Structure formats: C-alpha cells, structure tokens
Amino acid sequence: MNQGNSNTIDISTEICGIKFPSCIMNASGVRCTTLEELIAIKNSKAGAIVTKSITKELIIGNPEPRYYDFGLGSINSTGLANPGVVKAKEILYELRYKGNCIDYSKPLIVSLAGMHFMDFILMIEFLKDLEVDMFELNVSCPNIIGNKRLLAYDLLGLENVLSSVTSYVHELCKKGFKAKIGLKLPPYQPYEIEEVAKMIKRYRIDFITTINSGFGLVIDKQKTAIKPNKGRGGLGGSCIKPIALANIQQFHELLDIPIIGVGGISTEEDIFEHILCGASAVQIGTYFQRYGTYVFEWLENDLKRFMAMKRYKSINDFRGKLKNYE
Ligand code: DHB
C-alpha cells in the first residue's frame with residue numbers, strides 16, 4: 001500500500017493572521033520560565049514560544065515537591081512561580097533581540113496571570129514595546145491560595161477583565177499595537193461554556209486556549225504526591241484529554257475565533273483528535289515536562305506520517321470535521 005510521502009505534509013497553521021511553522025507548541029507552565037528554557041523552545045521544533053504565566057510581582061511559588069507525574073497525568077501546585085513582569089521583560093528582550101538580530105521565526109505568546117483587570121492592563125502596558133505576537137490571559141490558575149474563586153468561574157469578574165482589557169487594547173491598536181489577545185480557559189460544564197462563549201462574542205477576544213488544568217488530588221504510598229495545599233492541585237496529562245475534547249468541541253460550535261487545544265496530548269492521534277474537534281493548534285504540557293524539547297520533533301514526525309497515511313495534506317483538511325456516531 002502506498003502510505004504517502006510525509007515530506008509533503010504541511011503541519012503549519014495560522015491563528016489570527018499569524019503564521020506558525022508548526023501547529024504543535026509548548027503549554028504555558030512547565031520548562032518555560034527562564035531564558036535558558038525559552039531559548040531551548042526557540043531552538044526546538046515547537047511552533048511557538050509560550051511563556052510561564054507572568055505576574056506583576058515576583059512569586060517564589062509553593063514549597064516542593066509541587067509537581068508530580070503519575071503516568072496517566074501530572075498534578076502540580078506551582079503557585080505561579082515566576083520572576084515578575086520587570087525581570088520577565090528583560091528575559092523576553094534577550095530572547096527576542098539577542099545579538100541585534102530580531103528573530104521572527106516563530107510567534108511569541110506571553111502568558112499573563114492576574115486577579116484583577118488592572119493587573120493585566122499594567123502588564124500589557126509595560127510589555128507593549130516588546131513585539132509580543134499574542135498575550136494569553138491566564139484567568140484559570142487553580143492554585144490560588146485562600147480558595148478564591150477563579151476569575152474564569154466568576155462571570156462578573158471575567159466580564160470586567162474582558163471589557164476593560166479589550167477596550168484598553170483597542171486604544172493601543174490605534175497607535176500601532178498589534179498583539180492579539182486570548183483567554184486561557186479552565187474546564188467548564190456545558191452551560192458555562194454557553195455563557196462564556198456569549199460573553200466572549202461581545203468583546204474583541206482574538207483566540208482562546210482550552211483547557212487549563214483540572215483540579216485533583218494524587219496519592220503516592222498513602223501520602224499526598226505534592227506538598228502544597230494538602231496535595232490538591234492542577235491536573236494535566238492523558239487523564240484530562242476527554243474533558244479537553246468536550247470543551248474544544250463545544251467552544252468550536254459556538255465561536256468563530258481560533259482555538260488552541262491543550263490537555264492530554266502525548267501522541268499524534270491525540271493531536272488529530274484535538275484538531276478534529278476544532279483546534280487550530282495544540283499545546284503540550286505534561287509530556288513536554290516529561291521528555292523536554294524532543295517531544296516537538298517526535299510529535300511533528302509522527303503527525304506527518306499519520307497524515308500521509310490518511311492522505312491529509314494539511315491540518316485544515318480535517319480541522320473541525322469530527323463525525324457523529326451513526
Ligand atoms: C499553576 C498555574 C496554572 O494555570 C495551572 O493550570 C496550574 C498550575 C501554578 O503556577 O500553580
């Protein structure tokens with residue numbers, strides 16, 4: 001049987017008019033905080049560079065162990081450890097303009113985390129001259145101590161962020177600002193997806209990334225596998241893939257903006273499924289933490305071979321084309 005030639009397969013993608021050399025990139029969270037980690041992503045086959053969520057101030061994060069891989073997935077309570085926006089800007093400047101040679105070979109996606117709309121506006125204002133391609137607003141970190149409601153689950157708070165950030169960015173755009181604004185969303189129930197999709201349509205949100213980690217508890221030898229928050233934390237990896245697919249599928253039905261799929265990808269078939277549900281690109285978290293930047297090359301090669309076998313030339317040949325059971 002002729003299995004097709006995987007050299008002619010195109011796995012590039014375009015999101016909000018921005019070209020990505022590959023539809024496979026890292027997820028915000030793991031191995032994407034320091035300059036060294038970001039350079040490793042830049043020099044890998046990843047289709048974009050996504051940063052760890054940045055906050056206004058430095059955060060040391062929660063006590064270790066705060067990340068644990070249990071095979072079917074991972075649990076973490078990192079506590080948004082990051083150097084803060086001032087130091088992060090220095091790192092991103094180095095990454096972007098090192099040796100006076102601007103490197104546009106892959107998009108830069110900066111993740112921002114805040115509790116209040118002003119946090120996001122101040123950070124965008126501070127970073128606006130960096131030529132960031134996209135800002136991914138993390139409104140869904142599950143490890144906020146003190147059991148505060150996630151912004152993403154607080155529809156009034158979320159609407160506040162959407163209305164103020166998008167009108168602020170709209171003004172910036174008149175002065176030449178080009179970055180696209182997206183939301184990193186948590187797993188939702190179907191009725192919540194309807195409400196959030198309606199809200200997103202009312203504002204100039206350019207893309208969504210879904211899903212951020214779930215929430216769980218993992219036990220190892222009768223003890224909690226991680227130390228912070230009585231062992232409870234964000235759940236990622238294979239075990240959350242069905243939840244990711246349901247969220248991507250329903251948002252794709254309701255919205256016309258691009259979706260970056262994340263949750264449970266460790267094989268080419270997982271990527272295929274995310275794209276079938278409507279994702280325009282995918283992000284890799286747990287599997288990237290497990291094996292490092294090699295995963296982007298492995299997944300690219302495996303996806304190309306898989307597509308060649310199925311006679312797909314580009315991801316648009318099957319994107320959003322999931323068939324129902326008959
Ligand atoms: C953290 C942030 C997240 O958005 C997430 O999904 C999991 C963990 C954190 O830094 O604690």
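Counting starts at 1 for both ligands and their atoms, in listed order. None of these values were measured; they are calculated from a predicted model. We count residues from 1, following the sequence as given.
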Numbered in order shown, the ligand 1 atoms found under 4.0 Å of a heavy atom of Lys52 are 9 (C), 10 (O)

Assert yes or no for the condition that the ring centre distance of Phe135 to Phe120 is strictly below 6.0 Å. no

The atoms of ligand 1 lying under 4.0 Å from a heavy atom of Gly79, numbered in the order shown, are 9 (C), 10 (O), 11 (O)

Exercise for the section: Using a strict cut-off of less than 4.0 Å between a Lys/Arg side-chain nitrogen and an Asp/Glu carboxylate oxygen, indicate whether Lys241 and Glu273 qualify as a salt bridge. Expected result: yes

Residue, atom and distance of the protein heavy atom nearest atom 6 (O) of ligand 1 read Asn212 OD1, 2.2 Å

For atom 2 (C) of ligand 1, the closest protein heavy atom turns out to be Cys141 SG, 3.2 Å

Would Leu80 count as being in polar contact with ligand 1, using the rule that some N or O on each side must be under 3.5 angstrom apart? yes

### Message
Strictly below 4.0 Å, N to O, side chains only: are Lys178 and Glu131 in salt-bridge contact?
### Response
no

Applying ring-ring contact (aromatic ring centres under 6.0 Å, His included) to Tyr153 and Tyr188, what does each step give before you reach the verdict? CA-CA 8 Å; Tyr153 291 140; Tyr188 283 119; 5.7 Å; yes

Nearest non-hydrogen protein atom to atom 3 (C) of ligand 1, with distance, is Pro142 CD, 3.6 Å

Please examine the side chains of Met115 and Asp119, heavy atoms only from C-beta on, and report whether any two atoms are closer than 4.5 Å.
yes

| Would you call Ser213 a ligand 1 contact, heavy-atom distance under 4.0 Å? | yes

Filtering Thr33, Thr78, Asn76 for the heavy atom nearest atom 8 (C) of ligand 1 leaves Asn76

Per-atom filter on ligand 1: closer than 4.0 angstrom to a heavy atom of Asn138 are 4 (O)

In the single-linkage hydrophobic clustering (I, L, V, M, F, W, Y; side-chain heavy atoms under 4.5 Å), do Leu276 and Ile240 co-cluster?
no

message: Determine whether Arg202 and Glu159 satisfy the following criterion, salt bridge (charged side-chain N to carboxylate O under 4.0 Å, His left out), listing intermediate values before the conclusion.
response: CA-CA 10 Å; Arg202 288 203 295 277; Glu159 180 134 25; 3.0 Å; yes

